[in-house]
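Let me begin by presenting the structure, written as structure tokens, before commenting on it.
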Amino acid sequence: MAYEHKKIEAEWQRRWKEQQTFRVENDPSKPKYYALDMFPYPSGAGLHVGHPLGYIASDIVARYKRHCGYNVLHPMGYDSFGLPAEQYAIQTGQHPAKTTEENAARYREQLDRIGFSFDWSREVRTSDPKFYKWTQWIFLQLFNSWYDPRTDKARPISELIERFENSGCQGQDAEVLTGEVEEALGPFTAAEWKGFSERTRQMVLQYFRLAYLSDAWVNWCPALGTVLANDEVKDGVSERGGHPVERKRMHQWSLRITAYAQRLLDGLDELDWSGSLKEAQRNWIGRSTGASVRFPVGDDFIEVFTTRPDTLFGVSFITLAPEHVLVGKYTTDAQRAEVEAYVRSATNRSERERQAEVDKISGVFTGRYAKHPFTGANIPIWVGDYVLAGYGTGAVMAVPGGDQRDWRFAKHFDLPIIAVTEGADISKGADESKDAVICSEGFLKGLKVPDAIGRAIEELEKRGAGEGRINYRLRDAAFGRQRYWGEPIPIYYKDDIPYALPESALPLELPVVDKFQPTETGEPPLARAKQWAWDETKERIVATGEGAPLETTTMPGWAGSSWYYLRYMDPHNEERFASPEALKYWGQIDLYIGGSEHATGHLLYFRFWTKFLYDLGLIPFDEPAKKLVNQGMIQGVSALLPFLGKIGVPKGLEHLSGNSFTAETTPMLYVSGSIAAQGDDAVKQLLIKKFKEYWPAYSDNESLIHLDFKMVPVNIDIKFVDEHNALQIEGFVKEKEGNLAEPRTIDFLRDPDGRVLTIREVEKMSKSKLNVVNPDDIIERYGADTLRLYEMFLGPLEQSKPWDTHGIEGTSRFLKKFWNLFFESDIISVSEEAPTDAEQKVLHATLKKVTEDIGKMSFNTSVAQFMIAANELSALKCHKRDILEPLTIALAPFAPHIAEELWKELGHTESISTAAWPQWHAKFLVESSFNYPISFNGKTRLQLEFPATMDAKAVEAAVLANPEVQQRMEGKAPKKVIVVPKRIVNIVM
RNA sequence: GCCCGGGUGGUGAAAUGGUAUACACGAGGGACUUAAAAUCCCUUGGUCCGUAAGGGCCGUGCGGGUUCAAGUCCCGCCCCGGGCACCA
């Protein structure tokens, strides 16, 4: 019987669905295993072959764990809120829910065809009100919580209010301010608290809530009309779409992730995540230790953070960020005009400009001086845009002798540069070395940097001028988006003060709007809703204007993805986000697979929410995923052709341009890659020839033809490129012509043999690069099992690698070969004969390798081992049940359809997924002899076979007695003979 | 600049310090076939010597080192990919 992948795969996919083979129940009698993929955003483009890579890997592990007797939770869903659906809605007026629904259906179809063992009964979608009800509910918990630094965990805000009523806000409590530069909240007594108005109390509480509204510097993206989180901005432009981003101060919802900075850092140690990923998170959190130092200015002071308090004696000025609130306060009247002009220009410069012009030094003197806390000297206060508002306190003590940026600023403005370390040449630059010795006069003199830091902090604390401090780069997370297609934030406003909606009002569903764009006044789309206000007494939504206005921003994309993994445990629960029993049973994710692009976004927020829910006692663990693997990117091999974008009209022929060089007559010219590689001259020669073909009248004026041209490589759809990189000209031209708005001639500068060669390049697989390979096409031709095996066979999971469809033949042939072990001219022919030692060895070597490889997530080598087994068993003409049956089970996680079919042919009636994983036995792998490589001075020269049991001494004697060995020794005695039993013999001459 | 990965045949890639290049693609040769497809078999790191059987030398980015033995460990570079960055 021939291996018919189409029939087999369709049949088994149908059966799995019908029999709900992979539906899983919470069954505490069985050990659990939770294998999760990062759920996709269902984009309109559908899946390409890169997407399923991680899904296949986790599916193999999930299926393997089932064979090993685990109860496996292996769900899938959609991160279905997002920008593309909304952009499409703005363009077409179609509700994003509809687009999302269609795209999800398409994803489902594609995923089903690959044969995943997902339990679809647990599917979640973040845009489903039944799901986002709980996203909103968690938001309310954040809003109603604060972070207690004493117990180092989140507590209900009611406890804080109680504390204020009893003892006011003093000391440590007043320290919890985090986020962007804000004016510090002063301490107050219980009596004062009681005297505060409701409004004031609520304002105070904003400083503590884990979800809070504040004026914060945000990344505003005018093109997208929304605020972006720090990790959504790359190089000053939006990660999605590449639009410019500017700094803007806005009333903005934020989440106080900074309260968790230390725990997010510490938690990394126990996680089985890749080193680079942990490193990326550590970087992002950016902990640095140092000191906070206060420089008195009149009755007030400027607080700075420094990692080098040991250089305090080298401070020659202070620099404030242009956005710093104290700038306005300290500027003298004489300097005011200049400072204000500078601040204006600095804040208007986009992040991008600031980054691009790192070398440009700018700043201005405020006219005021601060007092040095140790020496009492007058320290001038400057404003400079090299100081960032969002880091530390937004102010630095400038030590030009010890910090290169300060040094350059000092040089530029001719400020004093004081040496802080011994032997430093401060005329050339700052000495930033950390093993230097401090040379400043005073109590730090002669100390090594680390000792001096400690000593300086001691002294600061003694004098009340500062204290040791830990600072984090991590910022609070911007949580509001000026968008329609996201979770509404369940908040209403009274007197501009935010209040939580009652739980009974959840889910707060997205309102109907006439358009998905911002309002004419620039408010978010939700402000268009006619029914978007809250009636507090009736507890229901009423017409806009009739009740308290509801929040009009929505949550960012990462809200739902921060906790979705919990919902899978109990997806239909209407009472809670998941039952305590389900949470206890399934616990942490045992294996989480996804792309490394989520290193500092999703994966940080996801850990943050988990820790928060843990603090409130809502879940019994404080890290979401024990093990995490980043799958590499599957890259596309693009095909590029140089395109003559601009052909300049030659000198002397300009007068002709009006009639001859029109769009209709000027051809679109593509250049064969091999010609372009020869250089401009070669292209020019051919171009002149072409020119004469098109305008024969000017053939005689060859001296006039000096064409200027510019070659631009353009992406060519890879479906028009054959395996020799040659363009299939006819098909390409036909499609191109069909896409042109106006008819144009399409022509080529061809190779002498008439071919047009494309230039191949490996880059990201994407629609715009026309290099996308669709899994559907591969499955149609080769089958899902072949696709699964091939994706795994390409190389290590974590590594990026280019997709090359040609290589798939190998895995396809393997499956046919495997199939043929069971059949002899169309009929199943499996013998019940007892296997030979050689056959057992093949089987057990394979079981051993595959079992170990799955544990290491080394799937490429397991596939190779299956190939070896199939090759060897074919050579042994082995068709024995005792060998083939366990092998089929071992193959099942990788190629489930063919395994099911063969399992059925072997006479089984139940799905192979219920079969127990076959154990390997060492006894079948014992070798009776070993073929020793005999090397001389480390170079292998010959091989000699000895019994495996022979000891080192005997092997040595036998080797030295061998005539060929003796011949090579030329009668000389070896200096040394190394014998490693069952490994190697090395003779040192 | 700092922090992580990674450089091995024509290609994707294997290799607890112990026979470098498993497995697969591609290429070349052959069998079957009227032919093609499919399938099967052989060869395939470079180079030199030899009619041949066979043998020598060189080879894992570069230069050193440790070791009986290094793709693997150590030191110093180069290149590629990713992350962070006027971060005080």
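Every heavy atom of this structure was used, including side-chain atoms; hydrogens, water molecules and symmetry mates were not. Order of the sequence lines sets the chain letters (A, B, ...), proteins ahead of strands, with each chain counted from 1.
The closest side-chain donor-acceptor pair between A/Ser638 and A/Asn771 falls under 3.5 angstrom. For the residue pair A/Ser288 / A/Asn471, no side-chain donor-acceptor distance below 3.5 Å is found, with atom types taken as modelled. Neither side chain, A/Thr393 nor A/Glu303, offers a donor N or O lying under 3.5 Å from an acceptor on the other.
In the set B/G83, B/A15, B/A88, the nucleotide with an atom closest to the side chain of A/Thr861 is B/A15. For A/Arg473, the side-chain atoms get nearest to B/A85 when compared with the rest of B/A85, B/A22, B/G83. When the nucleotides B/A88, B/A14, B/C25 are ranked by their closest atom to the side chain of A/His806, B/C25 comes out on top. Distances from the side chain of A/Thr940 to the nucleotides B/C23, B/U19, B/A13 place B/U19 closest. Nearest nucleotide to the side chain of A/Ala864, out of B/G18, B/C23, B/C3: B/C23. Across B/C4, B/G83, B/A88, the shortest atom-to-atom separation from the side chain of A/Val396 is found for B/A88. Closest to the A/Lys816 side chain, of the nucleotides B/C86, B/C3, B/U39, is B/U39. In this structure, the nucleotide among B/C84, B/A88, B/A24 sitting nearest to the side chain of A/Arg405 is B/A88.
For B/U43 and B/G7, the C1' atoms lie 29 Å apart once the distance is rounded to whole Å. With both ends at atom P, the span from B/C25 to B/C42 equals 14 Å, rounded to whole Å. B/G63 and B/G71: their P atoms are spaced 14 Å apart (whole Å). Spacing between B/C73 and B/C80 at atom C1', rounded to whole Å, works out to 24 Å. Straight-line distance between the P atoms of B/U8 and B/G81: roughly 14 Å, to the nearest whole Å. Taking the C1' atom of each, B/G46 and B/A35 are spaced 39 Å apart, rounded to whole Å. Remark: the separation of the C1' atoms in B/U39 and B/U33 is 12 Å, to the nearest Å. Straight-line distance between the C1' atoms of B/G17 and B/A70: roughly 7 Å, to the nearest whole Å.
Remark: RNA chain B takes part in the stems B:1-7 with B:78-84, B:10-12 with B:23-25, B:26-31 with B:39-44, B:45-49 with B:54-58, B:61-65 with B:73-77, each of 3 or more antiparallel Watson-Crick or G-U pairs, criterion distances under 3.5 Å.
Using a 4.0 Å cut-off, no side-chain N or O of A/Arg813 falls inside it from OP1 or OP2 of B/A38. A/Lys976 has a side-chain polar atom (N or O) that falls below the 4.0 Å cut-off from OP1 or OP2 of B/C68. Regarding contacts with the backbone of B/A14, a side-chain N or O of A/Asn860 is found under 4.0 angstrom from either OP1 or OP2. An OP1 or OP2 oxygen of B/G10 is reached within less than 4.0 angstrom by no side-chain nitrogen or oxygen of A/Arg760. OP1 or OP2 of B/A13 lies within a sub-4.0 Å distance of a side-chain N or O belonging to A/Gln799.
Of the possible polar contacts, one joining the A/Asp406 side chain to the A/Val399 backbone as a donor-acceptor pair under 3.5 Å is found. Judged purely by atom type and a 3.5 angstrom limit, A/Arg469 has no side-chain atom pairing as donor or acceptor with the backbone of A/Gly466. Between the side chain of A/His324 and the backbone N or O of A/Val383, no donor-acceptor pair lies under 3.5 Å.
Residues A/Phe930 and A/Asn937 both approach RNA chain B. Their nearest nucleotides, taken by heavy-atom distance, put A/Phe930 toward the 5′ side. Both A/Tyr472 and A/Ile978 sit near RNA chain B, but only A/Ile978 has its closest nucleotide nearer the 5' end.
The residue A/Asn871 sits close only to the backbone: its heavy atoms come under 4.0 Å of sugar-phosphate atoms, none of a base. Nucleic acid contact class of A/Val980 (heavy atoms, under 4.0 Å, all strands): base. Counting any heavy atom pair closer than 4.0 Å across all strands shown, A/Gln943 reaches a base atom. Residue contacts shown for A/Lys849 are absent, as no nucleic acid heavy atom lies under 4.0 Å away. Across all strands, A/Ile868 comes closer than 4.0 Å only to sugar-phosphate atoms, never to a base (heavy-atom distances).
Aromatic ring orientation, A/Tyr932 versus A/Phe946: tilted (interplanar angle from 30° to 60°). Classification of the A/Phe305-A/Tyr391 ring pair by plane angle, with boundaries at 30° and 60°, yields perpendicular. Below 30°, between 30° and 60°, or above 60°: for A/Phe295 and A/His372 the angle between ring planes is above 60°, a perpendicular geometry. Ring geometry for A/Phe894 against A/Phe859 counts as perpendicular: the plane angle is over 60°, on a 0 to 90° scale with 30° as the lower cut.
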Sub-3.5 Å pairs of nitrogen or oxygen atoms, protein against nucleotides 57-62 of chain B:
residue: B/C57; atom: OP2; partner: A/Arg941; partner atom: NH2; Å: 3.3

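A cation-pi geometry, defined here as NZ or CZ lying under 6.0 Å from the six-membered ring centre and within 45° of its normal, does not hold between A/Lys278 and A/Trp273.
Taking the syn range as angles within 90° of 0, the glycosidic angle of B/G59 is outside it, so the base is anti.
Spacing between atom CG of A/Asn471 and atom C1' of B/C87 amounts to 8 Å, rounded to whole angstrom units.
The base of B/C68 sits within donor-acceptor range of the side chain of A/Asn986, with an N or O pair under 3.5 Å.
A salt bridge links A/Arg282 to A/Asp269: at least one charged side-chain nitrogen sits closer than 4.0 Å to a carboxylate oxygen.
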